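Written out below as structure tokens is the structure these notes cover.
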Amino acid sequence: MLGRSSIFLSRNGSFRPEHLGQKALAMIGNLCFTFFVVGVLIFTIIAATYEPEDPLFHPSTKITTFLTSNTNATFKSVDSVVKTGEDFVAVNQTAFATFINITDVDNAVVGTETEESTVSETQDCSGKVNEPINCRDPEVFHLLMRAAIEKFKDMHFYRFGKPVSGNNDSSCHMAWRFRPNEGKAAAFYKDYRSFSIVRSENCTLSVVRIGDYHSGGNARKRKRKGKDKDKEGFEKLPVKMEENPILLPEVGETVNDALPMVESEGSFSSGKYLIYSGGGDRCKSMHQYLWSFMCMLGEAQYLNRTLVMDMNICLSKIYTSSGTDEEGKDFRFYFDFEHLKDSASVLDQTQFWSDWSQWQQKNGLRLHLVEDFRVTPMKLAGVKDTLIMRKFGSVEPDNYWYRVCEGETESVIQRPWHMIWKSRRLLDVASAVASRINWNFDAVHIERGEKARNKELWPNLDRDTSPEALLATLQDKIEDGRNLYVATNEPDTAFFDLLKDKYSTHFLEEYKDLWDQSSDWYSEMTKLGNGNSVEFDGYMRTSVDTEVFLRGKRQIETFNDLTKDCKDGINTCTSAS
Ligand SMILES: *[C@@H]1O[C@H](CO)[C@@H](O)[C@H](O)[C@H]1NC(C)=O
Ligand SMILES: *[C@@H]1O[C@H](CO)[C@@H](O)[C@H](O)[C@H]1NC(C)=O
Ligand SMILES: *[C@@H]1O[C@H](CO)[C@@H](O)[C@H](O)[C@H]1NC(C)=O
Ligand SMILES: *[C@@H]1O[C@H](CO)[C@@H](O)[C@H](O)[C@H]1NC(C)=O
Ligand SMILES: *[C@@H]1O[C@H](CO)[C@@H](O)[C@H](O)[C@H]1NC(C)=O
Ligand SMILES: *[C@@H]1O[C@H](CO)[C@@H](O)[C@H](O)[C@H]1NC(C)=O
């Protein structure tokens, strides 16, 4: 009935623009990779020179001095969220110019026919108004795509999945991949919503209601085993380099982060492994955790060995509501383990040790122990033993893992940032918040807390972030009446009530339902915690708050934008910022 267009549509059961061909993909991939490299390069330069306020990013000699000095100011920027791989993929919107627009949809679906001519087949539906809607009908597909594109003007759509039946005869569920058309965060998002459709007496179908974010559960497809299989035309990420894949997280997609299994005795025994044991990084800031973890992962990559890792994380007291260090957290609470295991060879240590004790003797597997961090990875390149174990002592700072990557190693081992992303479950919470404000909001980050109280290091911060000062400063930056997302560590949001006169304000606390006991997040986390509930802790809170902020169309920062005080105290401002 619809001629060539229906062939085009049904090819994968999904819709995407024709011109997003292999060449375009490769080009986008290359562009992305370029941005990534440039990003990492800039980061490295910044890391090496321009951020003296963050000891993490000092050249290593300075870190040592810093960490061993008598002040308790180690890893100062602890209240911020660590940067991960996707943050360095500074994707220019222009690299993704091939989003689907209305014209594409009309051309593809209607072809030479017009809507009217489709309708003309059966003009009279007076007796059929209540008959079930056939969600598989291409006309319905067309209708839903149009409705979505017209309703969500602040999104760019990259793919639509074929609609499926919804909860009743007049509803269909449809999934799509999108990106907000503004904002800095590099990611793709998956949404699936329910559409209520009515048929009028002249047979015209129209969408009367589109449900909330993720309301169309029937269209949420589970990932298949062969994750790159483009079977649904929807599962393979569009941005992918052939040799060195640079991917972007797909937020909202089902997460499959089960621990990897060892296939057989043979494959275990022929493997080569690296493990780090002990050390002083535990319960330190997330910055230090990641800096050390990346060093270890970099060494494993360099040695072509499987990294045996501890999935347990101790969350530092700086992030906990109890005010004490909390053990028993899981790597997967904060980071995207699915992406890690797809990008690198990793194994959970519990599994590893059980296999090791089973097969070590029988197969004569050997252990190479290294107890001095000054033994460089380069010296270990020739080691043939099955397991290399680096043991770290009890004297800080020599027992920090990242010390392995200092000195001459610095120029040899690259920290593989692209393998580490933030937890997509957390990003999904941020994405749900942004969706509730229709991705159409400006954001301000207002840092107060300790810093506002410390007049010695931050003489103006308290005054500059007072409600009156905020109103005055924001006046030239954000239009009256806009949605304004306020990311802040000020616990009492009523403090900002004055802003309500001019803006429609939003705070993270208003979206508690996204992580409370009835939320998707909660049930997924409980599953991950083997039935134990998982607290939405201080680190997650700051993480989500920051991610929502980054999704604002306009982003006003505390330091520079609201106050002239420096981020890390008086006289720490750098020429770069
Ligand atoms: C160490 O931290 C405490 C509280 O965080 C602070 O009161 C104290 O002044 C700090 N000491 C130094 C030397 O910075
Ligand atoms: C990237 O975006 C910026 C503005 O956001 C623009 O000035 C620049 O030309 C873009 N670069 C490329 C390669 O498109
Ligand atoms: C839609 O895309 C086509 C070609 O891809 C382009 O010619 C047209 O201007 C676009 N329309 C809008 C509204 O962006
Ligand atoms: C069908 O489901 C949709 C979405 O769940 C709802 O809005 C609509 O009222 C329902 N219609 C009927 C007839 O129950
Ligand atoms: C069919 O009816 C609806 C309202 O019931 C109207 O909006 C629409 O324009 C009509 N379409 C045609 C082709 O007559
Ligand atoms: C790791 O593998 C690569 C490619 O197979 C090889 O070039 C390199 O020399 C290996 N490195 C070590 C330390 O074995």
Side-chain angles (χ1 to χ4, degrees), residues 125-137 140-141 143-144 147-148 151-152 161 163-176 191-201 204-220 241-245 267 270-276 294-308 343-347 365-370 373 375-390 404-405 407-416 418-419 432 435-436 513 518 520:
C125 287
S126 43
K128 306 178 187 163
V129 170
N130 291 321
E131 276 183 14
I133 303 290
N134 175 13
C135 299
R136 290 280 176 191
D137 183 346
V140 172
F141 192 8
L143 177 73
L144 300 196
K151 167 140 189 205
F152 304 113
V164 297
S165 306
N167 306 332
N168 57 38
D169 284 351
S170 61
S171 108
C172 297
H173 290 182
M174 183 175 74
W176 59 82
D191 199 355
Y192 31 93
R193 301 207 187 204
S194 81
F195 292 71
S196 303
I197 298 161
V198 295
R199 182 187 285 113
S200 63
E201 300 207 330
T204 309
L205 297 175
S206 50
V207 172
V208 287
R209 210 181 80 85
I210 302 181
D212 295 333
Y213 185 65
H214 287 190
S215 54
N218 297 357
R220 176 186 200 177
M241 286 260 302
E242 266 151 46
E243 285 155 32
N244 190 0
S267 69
S270 61
K272 297 269 184 279
Y273 306 90
L274 172 72
I275 191 168
Y276 280 26
M294 294 310 287
C295 168
M296 169 173 76
L297 184 59
E299 182 177 31
Q301 293 294 112
Y302 171 77
L303 295 173
N304 296 330
R305 283 173 175 263
T306 297
L307 177 67
V308 180
S343 337
S345 174
V346 291
L347 201 52
L365 307 182
R366 294 195 344 200
L367 162 74
H368 184 96
L369 189 64
V370 183
F373 72 86
V375 176
T376 64
M378 294 76 90
K379 289 207 188 95
L380 297 175
V383 173
K384 295 279 187 296
D385 299 336
T386 299
L387 175 64
I388 294 179
M389 178 194 255
R390 279 195 185 269
V404 169
C405 293
E408 60 172 315
T409 308
E410 217 162 20
S411 55
V412 180
I413 301 285
Q414 276 133 19
R415 285 182 167 79
H418 59 280
M419 294 179 179
S435 293
R436 297 240 180 119
D513 61 297
S518 59
D520 287 352

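No experiment lies behind these values; they were computed from the predicted model shown. All ligand and atom numbering here is 1-based and tracks the order in the structure. FYI, the numbering just counts along the sequence from 1.
Looking at ligand 4, you won't find any N or O of S171 less than 3.5 Å from one of its N or O atoms.
Here the heavy atom of the protein found nearest to atom 5 (O) of ligand 4 is N167 ND2, 3.6 Å. Nearest protein heavy-atom neighbour of atom 10 (C) of ligand 4: N168 ND2, 2.5 Å. For atom 13 (C) of ligand 6, the nearest non-hydrogen atom of the protein is Y302 O, 3.4 Å. Here the heavy atom of the protein found nearest to atom 6 (C) of ligand 4 is S196 OG, 3.9 Å.
The structure places CG of L380 at 4.5 Å from CD1 of I388, a figure rounded to the nearest 0.5 Å. Separation of atoms CG (L347) and CG (L274) is listed at 12.0 Å; rounding is to 0.5 Å. Between the NZ atom of K384 and the OG1 atom of T386 there is a distance of 12.0 Å, given to the nearest 0.5 Å. Residue R390 holds its CZ atom at 9.0 Å from NE2 of H368, rounded to the nearest 0.5 Å. L144 CG to K151 NZ: the interatomic distance, rounded to the nearest 0.5 Å, is 13.0 Å. Taking CG from N218 and CG from N167, the interatomic distance works out to 6.0 Å, rounded to the nearest 0.5 Å.
Distances from atom 8 (C) of ligand 6 to the heavy atoms of L380, L303, N304, V383 put N304 nearest.
Applying the 4.0 Å criterion to heavy atoms of A381 picks out, from ligand 6, the atoms 13 (C). Heavy-atom proximity to R209, at under 4.0 Å, picks out these atoms of ligand 4: 7 (O).
Close placement of the H214 and Y192 rings is indicated, their centers lying within 6.0 Å of each other.
By the criterion of a heavy-atom distance under 4.0 Å, neither the backbone nor the side chain of S215 is placed next to ligand 4.
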